Amino acid sequence: MKLATKLIHAGAEPDPSTGAVMTPIYQTSTFVQTAPGQHQGYEYARSQNPTRFALERAFAEIENGKYGLAFSSGVAATDAVIKLLQPGDEVIAASDMYGGTYRLFTKVFEKFGIKFHYVNMQQADNIVPFINSNTKLVWTETPTNPLMSIVDIAAIAAITQKHSILLCVDNTFASPYLQNPLDLGADIVMHSATKYLGGHSDVIQGALMMNDTALRDQLYFIQKSCGAVPGPQDCFLVLRGIKTLHLRMQRHCENGEQVARYLRNHPKVGKVYWCGFEDHPNYHIAKKQMRDFGGMLSFELKDTSIEAANKVLSSTRIFALAESLGGVESLINHPATMTHASIPREERLKNGLSDCLIRLSVGVEDVEDLIADLEQAIG
Ligand SMILES: *Cc1c(COP(=O)(O)O)cnc(C)c1O
């Protein structure tokens, strides 16, 4: 099946008991047994829930994976992956990534004896010097949040496969509409389903997709043992969101491109970070592994004072000043004080994330209104 058909039908079978076309919300914590151990495959909803199972089948299909697992948030999904490891194990992680992932690694898992190396992965070979016999996992994100750097997934996968290291790709920014890391050699794909998969800014959820059965069994064991499962209502919302992913993403991409080009031509705007510009350092890789360039971008004003950035951040009327991304409505965000505040300032600056960087999640509104809004805010 082609992507649009898959997105609409993935995981959804008419409900066998009533014929309901939409997956029912099985709002139940437990399931009756006719005799001890005699049940219909459902015992207790932390371990099994039919609404969640439908969503997990959909997760697998949309990333061309065999298995999907749903979690109560994106960071809970990340947390489950790191729980595959043991004290003494080492992880190579991208230096430019979601602030909450960095916080989880440094503030929670380092104290359990797991060591993290943060590496700029724009050149895949940069990870090689950090590989040793304790290295168990490479964690990367592409395009990165918020600097829109591109990592060559196939090139990283060639290295991790040679050394039998797991590769997990956070595919939140691209969504399965733009890129499928399992097809490029990744072992696990992670999503904050809160963003493009849900698509309507009304749910917090995470996802993992994979092909390997043993890996799926370990992650399912962690999911049910640690218990960060989403409720059935949230699963329903994400199932519903996925059905329109291709329609929304197409418009996000079209609007993103127009806003990026508008900003680049604006006399008051300095650098614009968007991976669809032909002079973006890894444009050729983006072109190779992505179907289009998405609706996320960041920019700096030529006036690099905090005051000038703050003026724009507080003057937009359609772009709402808020954390998060990937919903139908446009958002504007200040990474240094909002989404990436948990990364120490020196670390941020070292990775090129300035105090005056502004990030946009370009929504699916009429692009003329979006550009007019930025025009009046930048002034
Ligand atoms: C939001 C986000 C996360 C965390 O997901 P939550 O659903 O907020 O827990 C992880 N990675 C990226 C790239 C994100 O944007």
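Note that the coordinates shown come from a computational prediction; the quantities given were computed from them, not determined experimentally. The figures here come from the full heavy-atom set of this structure, side chains too, leaving out hydrogens, waters and symmetry mates.
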Handout entry: Validation row: Arg291, Asn180 side chains within 4.5 angstrom (heavy atoms)
Key = yes

Exercise for the section: Grab the two heavy atoms, one from His163 and one from Ile159, that are nearest each other, plus how far apart they are. Expected result: ND1-O, 3.1 Å

Problem - Side-chain heavy atoms of Thr78 within contact of Asp170, under 4.5 Å - result: no

Exercise for the section: Report the C-alpha separation of Cys275 and Met290 in whole Å, then their side-chain angles, then the decisive distance to 0.1 Å, and conclude whether the side chain to side chain contact (heavy atoms under 4.5 Å, CB included) test is met. Expected result: CA-CA 10 Å; Cys275 59; Met290 298 170 73; 4.2 Å; yes

Problem - Asp234 side-chain N/O to Gly231 backbone N/O, donor-acceptor pair under 3.5 Å - result: no

Fill in the blank from the handout: When rounded to the nearest 0.5 Å, the distance separating NE2 of His340 from CD of Glu323 is 10.0 Å

Handout entry: Counterpart residues, side chain to side chain contact (heavy atoms under 4.5 Å, CB included), relative to Leu321 (two or more places apart)
Key = Leu313, Ile332, Met338

Exercise for the section: With the side chain counted from C-beta on, respond yes when Ile188 and Leu219 share a heavy-atom pair under 4.5 Å apart, and no when they do not. Expected result: yes

Handout entry: Sidechain-backbone polar pair: Asn120 side chain, Gln122 backbone, donor-acceptor under 3.5 Å
Key = yes

Practice task
On the 0 to 90° scale, with breaks at 30° and 60°, tag the His252-Tyr196 ring pair as parallel, tilted or perpendicular.
Solution key: perpendicular

Practice task
Over all heavy atoms of both residues, which pair between Asn145 and Arg359 is shortest? Give the atoms and the distance, please.
Solution key: OD1-NH1, 2.7 Å

Problem - NZ on Lys115 to OG1 on Thr135, rounded to 0.5 Å - result: 9.5 Å

Practice task
Give the ring-plane orientation class for His266 versus Tyr262, where under 30° counts as parallel, over 60° as perpendicular and anything between as tilted.
Solution key: perpendicular

Exercise for the section: Give the C-alpha distance, both sets of side-chain angles, the deciding distance and a yes or no for ring pair (Phe, Tyr, Trp, His ring centres under 6.0 Å) between Tyr26 and Tyr42. Expected result: CA-CA 11 Å; Tyr26 284 92; Tyr42 296 95; 7.5 Å; no

Handout entry: Spatial distance of atom OG1 (Thr140) from atom CD1 (Ile127) [nearest 0.5 Å]
Key = 8.5 Å

Practice task
Can you measure from OG1 (Thr194) to NE2 (His200) and round to the nearest 0.5 angstrom?
Solution key: 14.0 Å

Practice task
Among residues two or more places apart or on two chains, list those pairs meeting ring pair (Phe, Tyr, Trp, His ring centres under 6.0 Å) that have a residue in residues 272-295.
Solution key: Trp274-Phe277, Trp274-Phe293, Tyr283-Phe293

Exercise for the section: Could you tell me the separation between the CG atom of Asn351 and the CE atom of Met97, rounded to the nearest 0.5 Å? Expected result: 9.5 Å

Practice task
Following the transitive rule for hydrophobic clusters with a side-chain heavy-atom cut-off under 4.5 Å over Ile, Leu, Val, Met, Phe, Trp and Tyr, establish whether Leu84 and Leu104 coincide in one cluster.
Solution key: yes

Practice task
State, to 0.1 Å, how close Leu3 and Pro176 come at their nearest heavy-atom pair, and which atoms those are.
Solution key: CD2-O, 4.2 Å

Problem - From CG (Leu239) to CG (Leu55), nearest 0.5 Å - result: 4.5 Å

Exercise for the section: Examine distances only and state if a side-chain atom of Gln161 and a backbone atom of Gly185 form a donor-acceptor pair shorter than 3.5 Å. Expected result: yes

Practice task
Using a 4.5 Å cut-off on heavy atoms from C-beta on, say whether the side chain of Asp96 contacts that of Pro146.
Solution key: yes

Practice task
Say whether, by atom type as modelled, one donor and one acceptor occur between the side chain of Thr244 and the main chain of Gly241 under 3.5 angstrom.
Solution key: yes

Exercise for the section: Find out whether Leu360 and Leu263 are in side-chain contact, i.e. whether some heavy atom of one side chain is under 4.5 Å from a heavy atom of the other. Expected result: yes

Exercise for the section: Determine, using the 4.5 Å side-chain heavy-atom cutoff (strictly less than), whether Met121 and Leu353 are members of one ILVMFWY cluster. Expected result: no

Problem - Evaluation steps, side chain to side chain donor-acceptor pair (under 3.5 Å), between Glu43 and Gln48 - result: CA-CA 7 Å; Glu43 297 154 286; Gln48 309 101 357; 2.8 Å; yes

Completion exercise
In short, Phe59 meets Gly68 closest at the heavy-atom pair CB-CA, 4.1 Å

Handout entry: Exam field: side chain Lys66 to backbone Ala60, donor-acceptor pair closer than 3.5 Å
Key = no

Completion exercise
Applied to residues 98-108, the side chain to side chain donor-acceptor pair (under 3.5 Å) test, sequence neighbours excluded, yields none

Practice task
Please check if the side chain of Gln376 supplies one atom and the backbone of Asp373 the other of a donor-acceptor pair under 3.5 Å.
Solution key: yes

Practice task
Measure the shortest side-chain to side-chain distance between Leu69 and Met210 over non-hydrogen atoms and say whether it is less than 4.5 angstrom.
Solution key: yes

Practice task
Please tell me if the side chains of Phe105 and Ile114 come closer than 4.5 Å, counting only heavy atoms from C-beta onward.
Solution key: no

Handout entry: Side-chain touch Ile150/Pro143, heavy atoms, less than 4.5 angstrom
Key = yes

Practice task
Just do the ring pair (Phe, Tyr, Trp, His ring centres under 6.0 Å) check on Phe130 and His117 with the steps written out, would you?
Solution key: CA-CA 7 Å; Phe130 294 89; His117 303 274; 5.5 Å; yes

Problem - Side chain Ser361, main chain Gly326, donor-acceptor under 3.5 Å - result: yes

Handout entry: Test salt bridge (Lys or Arg N to Asp or Glu O under 4.0 Å) applied to Arg345 - qualifying residues, sequence neighbours left out
Key = Asp355

Exercise for the section: Following the transitive rule for hydrophobic clusters with a side-chain heavy-atom cut-off under 4.5 Å over Ile, Leu, Val, Met, Phe, Trp and Tyr, establish whether Tyr67 and Val229 coincide in one cluster. Expected result: no

Handout entry: Main-chain N/O of Ala70 paired with Gln223 side-chain donor or acceptor, under 3.5 Å
Key = yes

Completion exercise
Scanning both residues in full, the closest heavy-atom pair of Glu63 with Pro181 reads OE1-CD, 3.7 Å

Problem - Minimum heavy-atom distance between Thr339 and Ser324, given as atom pair plus value - result: CG2-N, 4.4 Å

Problem - Polar side-chain atom of Thr142 near backbone of Val151 as donor-acceptor pair, under 3.5 Å - result: yes

Handout entry: Non-neighbouring partners of Gln258 that pass side-chain hydrogen bond (donor to acceptor under 3.5 Å, both in side chains), sequence neighbours left out
Key = none

Completion exercise
In short, salt bridge (charged side-chain N to carboxylate O under 4.0 Å, His left out) pairs touching residues 250-271 with sequence neighbours left out are Arg251-Glu254, Glu257-Arg261, Arg264-Asp279

Practice task
Would you check if the side chain of Gln289 reaches a backbone N or O of Ile153 as a donor-acceptor pair within less than 3.5 Å?
Solution key: yes

